[in-house]
Protein chains: 2
Amino acid sequence: MRKPYQPAASDIRLSAVLYALSDPRRLQIVQSLKDQAEQNCAVYHELMPKSTLTHHLKVLREAGVAKVRIEGTQHFYSLRTEELDQLFPGLMSAVLNAPPDLIE
Amino acid sequence: MRKPYQPAASDIRLSAVLYALSDPRRLQIVQSLKDQAEQNCAVYHELMPKSTLTHHLKVLREAGVAKVRIEGTQHFYSLRTEELDQLFPGLMSAVLNAPPDLIE
DNA sequence: TTTATTGTTCCAGTTTTTTAGTACAATAGG
DNA sequence: CCTATTGTACTAAAAAACTGGAACAATAAA
């Protein structure tokens, strides 16, 4: 497993971020990354098959919403909250603090 | 032309709003509605064909991002900023104030 | 070295979205 | 009534996205 692509902060684009955040399953993932500093993929395996999860995490990564730290065979995901806050102030907090019943 | 569907504020969902905002052409429309209180469709006819414009405005409407007021044969569009601000505080201002070069 | 764990890549099938042409509907004005 | 204006509805084709199975790659552990 080679290092996955993650855009530099300067390459993050609003339309891509919004797109990544617009899928209910990805929004679910993002919500669950809200509290945890880092989260292992395994947590989501109950929600969807491995390959589907990989796909959604890839979309989040390539949009610049999430980043990953690899340790052995495990991948720890987290949100790029600080960088996103610099680029689009208020966006992530608006998404993360949305009332749960208004998400999907 | 009958009255187009627009969701009540209580039926607006975050994933739908984010999805509506994630398309570059729709983001362009939304940006241009930022300043104007209301805007006639005709403005965008240089950017895309009529039927394509109708489609994108429909997505924005049905997601609850935009609303329309009909006067004769003319349709005046505007953003539902206040309602969205109530539901997802900070979201629209984050989108509307994004640096132009970071949008697409 | 063998086996288990963790996650990716590849692939195909299905669904959704985007785009735009053409025809149609509604109103306004002469 | 006839015509222009404004925008929708319908339609179809192309592009993109979502889903998940199966095979593969990399590390860890026995």
Side-chain angles (χ1 to χ4, degrees), chain A residues 1-7 13 15-30 32-33 36 38-78 103-104, chain B residues 1-7 13 15-30 32-33 36 38-78 103-104:
Chain A
M1 291 175 209
R2 64 176 177 285
K3 185 75 177 298
Y5 168 72
Q6 292 172 187
R13 291 293 173 271
S15 54
V17 170
L18 292 173
Y19 173 73
L21 293 172
S22 72
D23 181 88
R25 271 175 151 175
R26 289 195 292 268
L27 217 38
Q28 189 176 20
I29 293 173
V30 167
S32 88
L33 287 172
Q36 272 74 27
E38 287 186 319
Q39 184 111 32
N40 188 280
C41 296
V43 181
Y44 307 107
H45 284 169
E46 295 170 12
L47 301 176
M48 60 193 101
K50 293 193 301 179
S51 55
T52 303
L53 176 61
T54 295
H55 163 67
H56 286 304
L57 288 173
K58 182 179 181 184
V59 173
L60 289 170
R61 251 195 303 103
E62 295 187 343
V65 174
K67 62 176 184 286
V68 63
R69 184 176 60 81
I70 300 177
E71 193 175 314
T73 60
Q74 299 199 75
H75 291 205
F76 296 96
Y77 275 84
S78 57
I103 290 179
E104 191 183 349
Chain B
M1 293 174 209
R2 64 175 177 286
K3 185 74 176 299
Y5 169 72
Q6 291 172 189
R13 291 294 172 271
S15 54
V17 170
L18 292 173
Y19 173 73
L21 292 173
S22 72
D23 180 87
R25 272 176 148 174
R26 288 194 291 267
L27 217 38
Q28 190 177 19
I29 294 173
V30 167
S32 89
L33 286 172
Q36 272 76 27
E38 287 186 318
Q39 183 111 35
N40 188 278
C41 296
V43 180
Y44 307 106
H45 284 168
E46 293 170 14
L47 300 175
M48 59 193 102
K50 292 194 301 178
S51 55
T52 303
L53 176 62
T54 295
H55 164 68
H56 287 304
L57 288 173
K58 183 179 181 182
V59 173
L60 289 170
R61 250 194 305 104
E62 295 187 344
V65 174
K67 63 176 183 285
V68 64
R69 183 176 61 81
I70 301 178
E71 193 175 314
T73 60
Q74 298 200 76
H75 291 205
F76 295 96
Y77 275 84
S78 58
I103 289 180
E104 190 182 352

Colleague: By side-chain hydrogen bond (donor to acceptor under 3.5 Å, both in side chains), which residues pair with B:Glu104, not counting sequence neighbours?
Modeller: none

Colleague: So which protein N/O to nucleotides 14-18 of chain D N/O distances come out below 3.5 Å?
Modeller:
unit_1	atom_1	unit_2	atom_2	d
D:dA17	O3'	A:Tyr19	OH	2.7
D:dC18	OP1	A:Tyr19	OH	3.4
D:dC18	OP1	A:Arg26	NH1	3.2
D:dC18	OP1	A:Arg26	NH2	3.1
D:dC18	OP2	A:Tyr19	OH	3.4
D:dC18	OP2	A:Arg26	NH1	3.4
D:dC18	OP2	A:His55	NE2	3.0

Colleague: Hey, is the side chain of A:Thr54 poking within less than 4.0 Å of OP1 or OP2 on C:dG7, counting only N and O atoms?
Modeller: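 It does not, given that no N or O in the side chain of A:Thr54 lies less than 4.0 Å from OP1 or OP2 of C:dG7.
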
Colleague: So does A:Ile103 get a backbone contact from the side chain of B:Ser15, meaning a donor-acceptor N/O pair under 3.5 Å?
Modeller: yes

Colleague: Relative to the 5' end of DNA chain D, which residue comes earlier, A:Pro49 or A:Glu71, by the nucleotide with the nearest heavy atom?
Modeller: A:Pro49

Colleague: Going by heavy atoms in the side chains, are A:Leu27 and B:Leu18 under 4.5 Å from each other?
Modeller: yes

Colleague: So, under a plain 3.5 Å distance rule, would you say the side chain of A:Ser51 forms a donor-acceptor pair with the base of D:dG21?
Modeller: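 Answer is yes: a donor-acceptor pair is held.
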
Colleague: Please determine, for the side chain of B:Thr73, which listed nucleotide (D:dG7, D:dT6, C:dA20) has the closest atom?
Modeller: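 Of D:dG7, D:dT6, C:dA20, D:dT6 is nearest to the side chain of B:Thr73.
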
Colleague: Map B:Lys58 and A:Met48 onto DNA chain D by nearest heavy atom, then report which one ends up closer to the 5' terminus.
Modeller: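 Nearest-nucleotide comparison on DNA chain D picks B:Lys58.
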
Colleague: Does B:Lys58 have more than 12 heavy atoms from other residues, nucleotides or ligands lying within 6.0 Å of its NZ?
Modeller: no

Colleague: Listed by chain and number, what are the side-chain hydrogen bond (donor to acceptor under 3.5 Å, both in side chains) partners of A:His56, not counting sequence neighbours?
Modeller: A:Arg26

Colleague: Rounded to the nearest 0.5 Å, what's the gap from OH on B:Tyr19 to CG on A:Leu21? Could you check?
Modeller: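 Nearest 0.5 Å value for the OH-CG distance: 14.5 Å.
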
